[in-house]
Amino acid sequence: MKDSTIWVGLDWHADSVVGSVCGPTGGEPVQRLEGIPDARGLARLIRRLKGFGRDVRCVYEAGPCGYE
């Protein structure tokens with residue numbers, strides 16, 4: 001998977017960030033990552049994502065209230 005595009009879906013909350021890592025063909029997540037939404041927690045999450053390869057793309061879905 002290191003030569004493929006890896007997709008990460010993020011679910012952001014006040015006290016946690018959850019990421020589901022999917023491979024190049026989509027489908028079922030291959031790994032679930034959790035972190036704390038502060039500078040230290042996000043740096044740790046980014047380090048873990050770097051292990052999946054060069055082309056990691058993150059997406060975020062806004063809730064019913066949207067985002068600005």
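Note that the numbering runs from 1 along the sequence shown for the chain.
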Original post:
When rounded to the nearest 0.5 angstrom, what distance separates OG in S16 from CG in D11?
Top reply: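 Nearest 0.5 Å value for the OG-CG distance: 7.5 Å.
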Original post:
When rounded to the nearest 0.5 angstrom, what distance separates CZ in R47 from CG in L42?
Top reply: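 Going from CZ on R47 over to CG on L42, the span is 11.0 Å.
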Subject >> Closest non-hydrogen atom pair, L49 against V56 >> reply: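 Closest heavy-atom pair between L49 and V56: O-CG2, 3.6 Å.
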Subject >> Over all atoms of both residues, closest heavy-atom pair of Y60 and L10 >> reply: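 Of all heavy-atom pairs spanning Y60 and L10, the closest is CD1-O, 3.6 Å.
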Pairs of donor and acceptor atoms involving the side chains of residues 32-39, under 3.5 Å and at least two apart or interchain, shall be tabulated with distances.
residue: R32; atom: NH1; partner: E34; partner atom: OE2; Å: 2.6
residue: D38; atom: OD1; partner: R40; partner atom: N; Å: 3.4
residue: D38; atom: OD1; partner: G41; partner atom: N; Å: 2.7

**OP:** Report whether V18 and I46 are members of the same hydrophobic cluster (ILVMFWY, side-chain heavy atoms less than 4.5 Å apart, transitive linking).
**Re:**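 Shared cluster, no.
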Subject >> For R57, side-chain hydrogen bond (donor to acceptor under 3.5 Å, both in side chains) partners two or more places apart >> reply: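 side-chain hydrogen bond (donor to acceptor under 3.5 Å, both in side chains) check on R57 returns D55.
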Original post:
Got more than 12 heavy atoms from elsewhere within 6.0 Å of CZ, R48?
Top reply: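 For R48, atom CZ is crowded (more than 12 foreign heavy atoms under 6.0 Å).
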